[in-house]
Every structure is written in structure tokens, then in C-alpha cells.
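The shown structure was predicted, so the numbers you read here are calculated from the model rather than taken from an experiment. Below, chains carry the letters A, B, ... as their sequence lines are ordered, and counting in each starts from 1.
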Amino acid sequence: MRKPFARKLLVSGAIALAALATGTVAIAAGGVEHPPARKWHFQGPFGTYDRAAAQRGYQVYQEVCAACHSLSLVAYRNLTDLGLTENQVKSLIKDITVPDLNDEGAPADRPARPADRFKKPFANEAAAAAANNGKAPPDLSVIVKAREYGPDYIYGLLTGYVPYDKLTPEQIKEFDVKKDDYFNKYFPGHKIAMAPPLADDKVTYADGTKATTAQEAADVTEFLAWASEPHMEDRKRTGVRVILFLLALAGLMYAVKRVVWADKH
Amino acid sequence: MVATGALGAVGVAAVAWPFINNLNPAADTLALSTIEVNVTPIAVGQAVTVKWRGKPVFIRHRTEAEIKEAEAVPMAQLPDPETDNKRVTDTAKKVRPEWLIMIGVCTHLGCVPLGNKPGDQKGEYGGWFCPCHGSSYDTSGRIRKGPAPKNLVVPDYLFTSDSLVRIG
Amino acid sequence: MASSHGTPPVFNNKVISWIDHRLPIFSYIEKEYHTFPTPRNFNYFWNFGAIATVMLVLMIATGIVLATNYTPHVLMAFDAVERIDRDVPQGWLIRDLHMNGASFFFIAVYIHIFRGMYYGSYKAPRELLWILGVVIFLLMMATAFMGYVLPWGQMSFWGATVITNLFSAIPVVGESIVTWLWGGFAVDNPTLNRFFALHYLLPFIIVAVVALHVVALHVHGSNNPTGIDVKGPQDTVPFHPYYTMKDGFGVICFLIVFAGFVFFAPDYLGHPDNYIPANPMVTPAHIVPEWYFLPFYAILRAIPDKLGGVLAMFGAIAVLFVLPWLDTSRVRSCTFRPIYKWFMMLLVVDVIVLGICGSKPPEGFWVPLSQLATLYYFAHFLVLLPILGKIERPLPLPPSIADSVLKKKAV
């Protein structure tokens with residue numbers, strides 16, 4: 001009984017593995033230079049978001065990215081997930097006004113409320129494109145889930161700019177780089193429309209963290225990872241419980257099955 | 001075997017919950033379950049209608065005469081007896097007779113009564129009048145005549161300052 | 001309590017017995033899921049029918065709840081799905097279950113199909129049972145395809161565009177059919193709206209065909225690993241508790257793996273591009289279907305001719321319908337077919353190779369490889385299977401199922 005069964009198990013295992021492998025292959029086939037893998041606080045089955053880093057990242061987003069990039073799926077109230085109190089959120093948005101209609105139906109700005117989604121820098125996609133040389137800056141709400149290598153790519157992109165005079169002649173030739181083009185190591189096709197957004201001391205952190213370019217990039221990536229999946233910690237916590245429960249149930253089911261079959265083997 | 005059955009039952013119950021919970025109001029809906037209204041622009045004798053939890057809320061800045069009239073009504077004349085004082089008290093127990101805040105939904109069959117806009121028919125008791133089946137409410141929003149069984153509902157509200165009221 | 005066959009069960013509970021006398025649902029359950037004689041020698045491959053059923057129920061239950069929060073409109077669909085993820089209470093859980101559930105439903109069904117092929121479960125008298133199974137598989141593919149369009153990401157949009165355009169290969173009327181499918185001149189709001197309606201409908205049709213599949217199964221009973229017929233009561237055990245408990249254990253084990261993906265890698269089987277809202281003006285650099293379609297996608301691209309590719313792809317599924325008549329062997333189970341057994345394994349490898357080819361851009365050595373694999377796929381069914389049945393000498397079959405079980409025990 002043992003041997004053929006073991007072989008069958010192997011076969012079914014192989015099928016499952018192959019299915020997974022195909023999945024991986026499908027994802028891996030993109031043809032961009034791999035951004036280096038970094039260690040993130042939210043990685044792994046028990047990883048959580050680093051609240052302090054994400055709060056700093058919010059500051060970077062708000063002071064730097066928000067001038068061009070919307071974050072349309074996130075509401076101001078969501079910032080309480082990052083450890084801010086309701087009053088802190090209210091004071092953060094006290095100067096922001098958002099477009100709405102007045103009682104007569106005419107467009108009019110009103111003060112932002114915590115229930116509002118993050119204000120968009122442009123009225124619509126066409127306006128965003130018109131203001132940015134014809135290409136609208138992408139919304140950043142799910143950007144970490146929408147790119148291969150997720151957070152590594154975002155960090156790589158933000159820190160991966162190469163100045164024109166540091167490029168090799170081969171690179172300039174191959175990618176047809178002009179003097180005023182921006183060259184990025186990890187952007188598909190390398191020529192990117194976005195000017196290097198970050199620089200040392202571009203923001204001043206309230207908690208005293210030194211605002212190097214790398215620090216800013218890591219912080220804003222942490223923030224954007226959170227924005228992409230605010231419920232991640234809940235998901236992992238639930239998962240641990242569900243799997244422990246299923247393992248216990250499987251053990252018991254196996255025992256019951258053995259008892260039931262005892263007279264037939 | 002009993003343990004397995006019990007554990008299985010627990011599992012089924014635990015699985016059922018997310019499916020039921022899914023139909024509860026979502027976070028974005030809940031975020032709109034309280035609203036703040038600035039009452040400074042509402043002059044004496046005027047009223048505004050604001051939308052709260054999908055329903056109209058009437059905020060009326062009552063005149064001295066209207067307050068007097070509401071306070072003077074004997075309880076025996078009311079189908080749903082309630083003092084005016086009680087209807088203008090916020091959740092911090094502070095009484096502000098000049099501000100009457102009510103959900104603008106007739107307690108008969110859910111129409112929105114007239115009387116909040118200047119020029120609206122106010123009914124014979126000077127408050128609100130429901131055009132659907134002719135219920136008349138007084139200047140305290142209490143039912144006086146017609147098929148509606150109850151007074152207009154006063155929601156929980158709190159004046160966080162003299163100019164700002166939080167409803168819900 | 002007259003019943004047309006067998007001894008009627010006696011119910012002690014008066015209510016049950018009253019109902020059963022008028023509508024014999026309890027007798028039916030008793031007969032088909034309790035006392036039903038089932039071969040005693042199933043291996044764990046026989047769990048996958050039950051597992052697939054559980055996945056179907058899970059998909060319908062999660063799907064109904066998702067539909068209550070979803071909006072099928074091109075301007076709102078993407079945000080509606082994200083709102084389910086972000087704001088709806090435990091919406092993320094239901095969505096992750098549904099999204100990964102599709103993959104795991106296909107995993108279960110693919111293993112179920114493999115089991116049917118390896119042990120010859122499609123042969124007389126179970127041909128219709130098999131054909132109903134292929135119908136379920138086709139309906140699943142249609143349902144999964146339309147479901148993938150609903151989040152209205154880039155892969156949704158371009159997947160829908162490419163797959164519906166397959167029909168334009170049909171001579172003369174092709175273009176009109178595509179316009180009819182779209183309800184317009186491109187994949188747009190009418191397409192999304194009708195795909196949502198059909199995505200909601202088809203699972204219930206699947207349930208109906210599954211019911212027929214089970215009715216057909218219970219006419220002659222299940223096949224078994226030896227492929228020989230049940231000869232008497234010593235060959236069988238009652239379905240309950242023997243297989244209810246074994247299936248229960250198998251289902252839980254499968255769910256553990258499933259939960260691993262749902263909770264710790266929910267986006268692993270998906271594609272990042274589907275988190276980019278659909279944009280009819282920009283095609284992603286490399287579009288791939290969901291993994292479970294990849295082998296068929298590879299066959300489509302292996303043929304350097306539009307109509308030919310489409311025909312080959314549909315042919316790859318059509319050939320399964322006639323499988324019972326392509327196999328000429330008198331022996332059912334591969335256990336006793338020393339040569340075909342290896343070709344069966346080769347077919348599994350072949351389908352995996354096709355899957356990998358389908359995920360690669362159609363260039364370089366992937367093109368001849370996918371052509372070779374496509375060739376084997378069809379040769380396996382159309383050439384090998386009919387010929388091998390005639391020339392292969394099967395191993396001696398055990399005299400009975402009970403015999404084979406007892407012999408294994410002795411070893």
C-alpha cells in the first residue's frame with residue numbers, strides 16, 4: 001500500500017508545484033532590471049508597518065509627491081491607522097479645501113473633513129496630463145501592489161537616478177539619452193518623465209530623523225505600502241488563527257478517519 | 001469524535017461571521033455618520049435643511065414668539081406629550097430654546113414635511129405640514145393634527161461651541 | 001413507505017417521516033450519501049470531487065456577498081473593488097477568498113480531471129459522466145474569464161479585449177459576433193455590465209450541471225484505482241461514515257494550503273498590472289491570462305495563423321469530449337497499463353510545459369517548444385491513445401477490489 005501511494009502523492013505535489021511555478025514565471029517575465037531586495041518592516045508572515053516610518057513617509061508624500069500624484073483611494077480619516085489621533089488629523093487638514101457643490105449647485109470649495117479622500121492635485125486625468133508634458137502622473141493609492149517587486153521597485157526608482165555625466169557612452173547610445181532626459185536604473189526603458197523627486201533635507205522631520213534621500217525614499221515607500229493595503233496586519237493576524245484552527249481540525253479529522261476505517265484496513 | 005464535531009461547528013460559525021458582517025455599513029459610510037454644522041449663518045426665524053445619514057435634518061433658529069407658543073401648549077392637547085424644553089436639550093444636557101434640531105421625516109409614512117423654507121406651507125400650528133397625508137406639527141415639531149402618531153424625532157446632537165453643532 | 005428500490009429507510013422522527021412520505025428527500029440523502037455502496041479502495045485522489053464541490057460553494061457564497069458591494073460601471077468598478085478591500089467590514093477577506101478561490105477551484109478540478117484520466121474513469125459506462133465534467137470545466141473557464149474582467153484593471157480590460165477578439169477569426173460573421181459580444185465597438189461599459197450579469201448567472205448553471213454529474217455518477221457508482229467493477233458487498237463500504245470522514249480530512253488539508261495563500265500571499269497568483277485601472281489607450285507590455293488558462297493560451301499562440309490558433313485552442317478542449325471513444329483499451333486503470341502509464345505522465349509534463357510557454361513572451365525558443373508541446377498534446381489523444389489500446393499488453397488484473405486491498409495489506 002505504501003509505495004504506490006507515496007508515488008501518487010509525489011505526482012500530485014508535482015502538479016501543484018508546477019502550477020505555482022507557472023505562476024511565478026508569469027510574474028517574473030517582465031524584463032526590467034531587478035531592484036535590489038531590501039528588508040522591510042512589513043515583510044514576512046508576522047511583519048507589521050513601522051508607524052513612525054510611515055508617518056514620516058506621509059510627510060514626504062504630502063510635501064513632495066502630492067504636488068503631482070493623487071492618492072485618491074485613501075481618506076484623511078485613514079491616517080488614524082498610522083497612530084494619529086482624530087484631533088491630529090483634523091489639525092493636519094484644517095487648511096485644506098476640497099471641491100464640492102454649494103446649495104445652488106454651483107462648484108464651490110469647502111473645508112476638508114476627515115471623511116474626505118485625499119485631495120487630488122489635478123481636477124481630472126486630462127488636466128494632470130496637460131500639466132505634465134502629456135503624461136498624467138499615476139495615482140499612488142495601490143502603486144506598491146501595481147508594480148513588480150512592489151516596495152523594492154518604489155525604493156529603487158526613487159533612489160535609482162543616474163545623472164547624465166555619470167552615464168557610460170554605451171548607455172547614452174543604447175537608450176538615446178539626451179542631456180535633459182532623466183535616466184533611472186529601474187524604470188522600464190530607463191528614460192523617465194519624473195525629475196528626481198527627493199534630495200537630502202528635502203523635508204525636515206519632526207522626530208529628528210536625518211532626512212537623507214535614502215531615508216526619505218524608505219519612509220515614503222513604507223507609507224505607500226500601507227496605503228496600498230491598510231488591512232495587511234489584520235489579514236496576517238487572522239491568517240495565523242485560521243491556519244492554527246485548521247491544523248487542529250485536520251488532526252482531529254485524521255484521528256476520526258482512522259477510527260472509522262480501523263476495521264477495513 | 002464529539003470534539004471534532006464541536007470544533008467543526010465552531011469553524012462553520014467563524015466562517016459565517018465575515019459573510020454577515022460584510023453587509024454592515026462600511027468604514028466610509030460610518031465616517032459620514034456624524035456631521036458638523038456651523039449655525040452662525042442661520043438668522044432668527046430661518047431654518048436650514050442638512051443631509052445626515054441619508055435623511056434631511058431641520059435646523060430652525062426659532063423666534064421668541066415661536067418659543068413662547070411652544071412652551072405654552074398644555075400637555076393634554078398633545079397626542080404625543082413631550083415638553084418643548086426636552087426637545088431643545090443637547091447630549092450635554094444644555095438647553096438652547098432658540099435651536100430646534102429634528103429629523104425632517106414625518107412619523108406617519110416617511111415623507112418630508114413642508115415648512116422649512118420661507119414661503120412653505122406651515123400648517124395650522126405654525127410649524128411643519130406634511131403634504132402626503134396632512135399631518136400638522138407645531139413650532140416644537142410636535143404632532144398636533146393628522147395621522148402621524150409621534151413627534152418629529154430629535155437626533156442626538158451636541159453644541160461643541162456656540163456656533164458649531166455636531167449631529168450624531 | 002413504499003420505495004421503488006431497496007429497503008426503505010425507517011425514520012424515528014415523526015416530522016421527518018411525515019415529510020419523507022410526501023417528498024422523499026431524506027430517503028434520497030440516506031440512499032445516496034449514507035448507505036451508498038462505494039468501492040473500499042479509494043486513494044486520496046478521490047477527495048478532489050468533494051474538494052471541488054466545497055470550492056464551488058465557497059465561490060458562490062463569497063461571490064454573492066461581493067456582488068452586494070460591487071458596481072459594474074467602468075468609472076466605478078475599480079474603486080468599488082478597492083472599497084470592498086478598504087472600507088467594507090472584512091471585505092478584504094471575502095475578496096481574497098474569492099480571488100484565490102478561483103485558482104484553487106481550478107487546482108482541485110485539474111487534479112480531479114487527471115485522476116479521471118489516469119484511472120480511466122471516463123470509460124463505459126461512464127462516458128456521459130465524463131462529458132458532463134468537461135461541460136462543467138468549460139463553464140468554469142467562461143465564468144472565471146468574465147470574473148477576471150470585473151475589477152476593471154489593465155489585465156481585466158486587455159484580457160477581455162484579446163479573448164473576445166478570438167471570435168473575429170471566424171470567417172465572414174466574426175466581426176459582427178465580436179461587436180455583439182461587446183455591445184459596442186470596443187470592450188466598454190456594456191461589456192462590463194453584461195459580463196457581471198453572466199458571471200453571476202453561470203455559477204448556478206454549473207451547480208445544475210454538477211447535480212447531473214452526481215446523478216450520472218450514482219447510476220453505476222464510482223470507478224476506483226484498480227478500474228475493475230464492483231463484484232459484491234465485500235468490495236464496498238457505505239459512503240457514510242467511511243468517505244464522509246475521509247473527504248472531510250482531505251478538504252481540511254486542501255483548505256490549509258488555500259488559507260496559506262489567502263492570508264499570506266493573496267496577490268501571488270495575480271498580476272500586478274491588474275492594480276492599474278483599465279486604460280483603453282495603453283496596452284501593458286506583456287499580457288498574460290490567469291495561470292489556469294496558460295496551457296490553452298500557449299496552444300493558441302503556437303499556431304502561426306489566427307483562425308488555426310483559435311481552432312487549436314478550442315480543439316484542445318473539444319478533444320476531451322470524445323476521449324471515451326479515442327481510448328481503445330479494455331483496461332481502465334493506468335496501474336495495469338505499463339506503457340500508457342508513462343505517456344499519461346508525459347501528458348502531465350506536456351501540459352505544464354505548455355503552461356510555462358504560455359507565460360513567456362512568444363519569442364526565441366519558446367515558440368518551437370510550445371509548438372512541440374502542442375503537437376504532443378494532440379498526438380497523445382488522437383494517435384497514441386487509439387493505437388496503444390490495441391497493441392499494449394495490460395498487466396493481469398486482480399480478481400476483485402477486495403482481493404487487491406487484501407493483497408496489498410499482505411505485502
Side-chain angles (χ1 to χ4, degrees), chain B residues 1-38 48-57 59 91 101 103-105 109-112 153-158 160 164-168, chain C residues 50-51 53-71 76 78-101 104 203 240-256 258-259 262-263 266:
Chain B
M1 203 167 280
V2 174
T4 317
L7 199 62
V10 170
V12 170
V15 168
W17 174 240
F19 287 82
I20 298 164
N21 192 25
N22 227 246
L23 302 182
N24 272 322
D28 57 342
T29 311
L30 291 176
L32 291 171
S33 65
T34 60
I35 56 165
E36 281 184 343
V37 182
N38 183 358
V48 297
T49 307
V50 294
K51 200 173 156 199
W52 174 69
R53 296 191 183 175
K55 296 188 201 77
V57 166
I59 304 178
T91 47
I101 300 174
I103 296 175
V105 174
L109 290 170
C111 299
V112 178
V153 175
V154 176
D156 283 349
Y157 63 87
L158 175 70
T160 49
L164 214 56
V165 59
R166 190 171 73 212
I167 301 170
Chain C
I51 290 170
T53 312
V54 167
M55 292 314 292
L56 175 60
V57 171
L58 182 84
M59 291 305 284
I60 291 180
T62 50
I64 289 173
V65 177
L66 285 175
T68 63
N69 282 308
Y70 172 77
T71 313
M76 293 180 247
F78 188 88
D79 286 6
V81 172
E82 278 297 320
R83 180 177 173 273
I84 289 171
D85 238 21
R86 288 157 190 270
D87 287 336
V88 172
Q90 288 170 306
W92 60 269
L93 173 58
I94 303 291
R95 182 173 89 107
D96 285 352
L97 283 172
H98 197 74
M99 168 169 109
N100 286 282
F104 276 77
H240 178 74
Y242 291 95
Y243 285 115
T244 44
M245 291 305 130
K246 191 171 178 177
D247 279 347
F249 174 62
V251 166
I252 303 289
C253 289
F254 188 80
L255 289 182
I256 291 174
F258 177 48
V262 168
F263 292 106

Checking B:V57 against B:I101 for the side chain to side chain contact (heavy atoms under 4.5 Å, CB included) test, could you report, in this order, the C-alpha distance in whole Å, the side-chain angles of both residues, the deciding distance, and whether it holds? CA-CA 7 Å; B:V57 166; B:I101 300 174; 3.9 Å; yes
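Applying the ring-ring contact (aromatic ring centres under 6.0 Å, His included) criterion to C:Y243, with sequence neighbours excluded, gives A:W261, C:F42. Listed by chain and residue number, nothing satisfies the ring-ring contact (aromatic ring centres under 6.0 Å, His included) test with C:F263 (two or more places apart in sequence, or in another chain).
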Please table the atom pairs, donor to acceptor, closer than 3.5 Å between any side-chain atom in residues 27-35 of chain B and protein atoms at least two apart or in another chain.
residue, atom, partner, partner atom, Å
B:D28, OD1, C:R83, NE, 3.3
B:D28, OD1, C:R83, NH2, 3.1
B:D28, OD2, C:R83, NE, 2.5
B:S33, OG, B:L30, O, 2.6

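Between C:F258 and C:L58, the closest heavy-atom pair is CE2-CD2, 3.5 Å.
For B:N38, the CG atom is densely surrounded, since the number of other residues' heavy atoms within 6.0 Å is greater than 12.
Near-neighbour residues of residues 86-94 of chain C relative to chain B, defined by a heavy atom under 4.5 Å from a heavy atom of that chain, comprise C:D87, C:V88, C:P89, C:Q90, C:G91, C:L93, C:I94.
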